[in-house]
Q: 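Sharing a structure below in structure tokens format, with a few things to ask.
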Amino acid sequence: MVENGESVTGDLFGEPSEVRLGDGAHLLKGFALAEAARLLDGVRQVAEVAPFRIMHTPGGKPMSAAMTGCGSYSWVSDRAGYRYSATDPQTGQPWPAMPADLLALAQSAAAAAGYPGFTPDVCLINRYEAGSRMGLHQDKDERDLSAPIVSVSLGLPMTFLWGGHKRNDRPARLLLEHGDVVVWGGPDRLRYHGVAPLKAGSHPLTGGCRINLTFRRAV
Ligand code: SIN
Ligand code: FE2
């Protein structure tokens, strides 16, 4: 198991492998690799209808990653606060349906990590460019905390900060590469997590970006 403050890098000889991050949390190295191009096609389709945008915190600060989403709901943040919304505030329309390839991948990753029967109603999509980051936070706006979070990394590698149950627990640093999936639930569902600033680079499928998909059961 990865201890706080520990650094985990690389994959084991390029084979899909699993790293335990806690009793209820797993890093599935390369789990989405074979599906990555299809997942990115799905992201492009979603973004045609619900474009990536920079949201603002309730305090008015721009967030570092651009976001969109699909499914029955997605997460939004503005002056009125954080919430899940059935419509995209930018277009007034419902969020695009979750592409079947995205849903299938989320369900198989959840099952592989010990969470069979996962039925996400949200896929939040984050797009990071060089220098973008996400500070330590808990995912706690979901009503049903018995469902896990499934997080899929595509494109440029980024350092994931895997913290504890208290904000000031020192986080482990894990390199998340193209095709990696992290699943956290059960006793680890409310662990603090974030990502360190993205280093500039170029990836054959995403150019200068990293795309992260987080599947949630929100409502
Ligand atoms: C998130 O916590 O919502 C995103 C984490 C990530 O980009 O890996
Ligand atoms: Fe999160």
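In listed order, ligands and their atoms are each counted from 1. This chain uses plain numbering: 1 for the first residue, then up along the sequence.
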Q: Counting heavy atoms only, which of R210, M158, R216, R127 is nearest atom 8 (O) of ligand 1?
A: R210

Q: As a test of reading the structure, name the N/O/S atom of D139 that is nearest the Fe ion (ligand 2).
A: OD1

Q: Please confirm whether H26 and W184 have ring centers closer than 6.0 angstrom.
A: no

Q: R216 and Y84: side chain to side chain donor-acceptor pair (under 3.5 Å), yes or no, with the steps?
A: CA-CA 11 Å; R216 301 129 187 262; Y84 282 99; 3.0 Å; yes

Q: Does the pair D188/R191 count as a salt bridge with the N-to-O cut at 4.0 Å?
A: yes

Q: Is the distance between the ring centroids of W75 and Y82 under 6.0 Å?
A: yes

Q: Find all atoms of ligand 1 within a distance of less than 4.0 Å from any non-hydrogen atom belonging to N126, and give their numbers and elements.
A: 3 (O), 4 (C)

Q: Would you mind checking which non-hydrogen protein atom is closest to atom 1 (C) of ligand 1, with the distance to 0.1 Å?
A: M134 SD, 3.6 Å

Q: Can you name the N, O or S atom of H193 that is closest to the Fe ion (ligand 2)?
A: NE2

Q: Identify, for atom 7 (O) of ligand 1, the protein heavy atom at the shortest distance, and state residue, atom and that distance.
A: Y128 OH, 2.6 Å

Q: Under 6.0 Å from the six-membered ring centre of Y192 and within 45° of its axis: does the NZ or CZ of R167 meet both?
A: no

Q: Show which atoms of ligand 1 fall inside a sub-4.0 Å distance from at least one heavy-atom site of H193.
A: 2 (O)

Q: For the CZ atom of R217 and the OG atom of S146, what is their distance to the nearest 0.5 Å?
A: 9.5 Å

Q: Taking 4.0 Å as the limit for heavy-atom contacts, which would you say applies to L124 with ligand 1: side chain only, backbone only, both, or neither?
A: neither

